[in-house]
Amino acid sequence: MKDTVCAGIGAVGGVISAAFGGWDGAIVTLIILMAVDYISGVLVAGVFHASAKSEGGALQSRAGFQGLCRKGMILLFVLIACRLDMLLGCRYIRDGVIIGFAANELLSVVENAGLMGLPLPAAVSGAVDLLTNKAKEGTDHE
């Protein structure tokens, strides 16, 4: 019974891995950054009560669920990019999508560290402010 369960889990894992273009360093890095971002966001809200995603900055299950939905959407974009690579016979679309989302996740982790009061070098905090303002400008036009 144990062997059957392990084989079944392995088969499902293999199918999922193949759908995402394989289990390489890029996808592992993205998933790690997504996990660190989510955990640091929960800490910002739950411990430091400084989240911009909830009223009063406190932990809210709705905000957490929305964060998980966003992470799921990121993975769907990677899946779509992988399928486009297969269609076009290339490999750079998936990698570009992963790099773009990984950079965004890293930026969010740095923002969360700043909200926790971690002293950030001026260059890092300036870059975060600049990118945050650009993102707000982009959503103001909608």
Side-chain angles (χ1 to χ4, degrees), residues 1-87 90-142:
M1 180 65 176
K2 179 181 172 185
D3 291 337
T4 305
V5 170
C6 288
I9 291 171
V12 169
V15 167
I16 292 170
S17 175
F20 283 94
W23 193 253
D24 61 357
I27 195 79
V28 170
T29 301
L30 177 62
I31 290 172
I32 288 171
L33 285 170
M34 289 170 62
V36 169
D37 177 45
Y38 189 79
I39 292 167
S40 64
V42 169
L43 290 173
V44 164
V47 176
F48 295 93
H49 304 288
S51 175
K53 307 233 182 344
S54 64
E55 194 172 315
L59 193 61
Q60 287 184 346
S61 59
R62 180 178 176 92
F65 181 69
Q66 287 173 342
L68 288 175
C69 289
R70 287 185 191 105
K71 305 295 183 207
M73 200 64 195
I74 288 171
L75 293 175
L76 287 176
F77 269 96
V78 172
L79 180 65
I80 291 166
C82 179
R83 301 306 301 178
L84 286 172
D85 274 352
M86 293 172 102
L87 179 68
C90 62
R91 178 79 179 179
Y92 57 85
I93 298 171
R94 173 191 177 266
D95 291 344
V97 167
I98 288 175
I99 289 168
F101 280 119
N104 191 51
E105 294 295 315
L106 182 59
L107 178 64
S108 183
V109 170
V110 171
E111 271 182 332
N112 288 340
L115 291 171
M116 289 181 190
L118 187 70
L120 299 173
V124 172
S125 59
V128 169
D129 291 340
L130 178 70
L131 291 171
T132 302
N133 290 336
K134 280 216 174 269
K136 286 180 184 174
E137 288 173 11
T139 58
D140 288 343
H141 300 296
E142 294 176 5

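The basis for the numbers below is simple: all heavy atoms, side chains too, and nothing from hydrogens, waters or symmetry mates. Along the sequence shown, the residues carry numbers beginning at 1.
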Check ion pair R94-D24 (N to O, under 4.0 angstrom):
yes
About how many Å separate CG of L79 and CE of M73, when rounded to the nearest 0.5 Å?
10.5 Å
Give a yes or no on whether M116 atom CE has more than 12 heavy-atom contacts from other residues, nucleotides or ligands under 6.0 Å away.
yes
Any side-chain heavy-atom pair of L75 and F20 under 4.5 Å:
yes
For V109 and L33, the nearest pair of non-hydrogen atoms, with its separation, is CG2-O, 4.2 Å
Non-hydrogen side-chain atoms of I74 and N104 separated by less than 4.5 Å
no
What distance do L115 atom CG and L120 atom CG have between them, rounded to the nearest 0.5 Å?
9.5 Å
Could you tell me the separation between the OG atom of S108 and the CG atom of L106, rounded to the nearest 0.5 Å?
9.5 Å
Nearest 0.5 Å, please: how far is CD1 in I99 from OH in Y92?
13.5 Å
How far apart are the closest heavy atoms of I98 and A26, and which atoms are they?
CG2-O, 3.5 Å
OG (S61) and CD (Q66) are apart, to the nearest 0.5 Å, by 10.0 Å
So, for M34 and E105, which heavy atoms are closest and what is the spacing to 0.1 Å?
CA-OE1, 3.5 Å
I want to check something: taking the side chain as every heavy atom from C-beta on, are D37 and K71 in contact at a cut-off of under 4.5 Å?
yes
Report the distance from atom CG of L87 to atom SG of C82, rounding to the nearest 0.5 Å.
11.5 Å
Can you name the nearest heavy-atom pair linking N112 to S40, along with the distance?
ND2-OG, 2.8 Å
Non-hydrogen side-chain atoms of L30 and F101 separated by less than 4.5 Å
yes
For G13, is there any backbone N or O sitting under 3.5 Å from a side-chain donor or acceptor partner on S17?
no
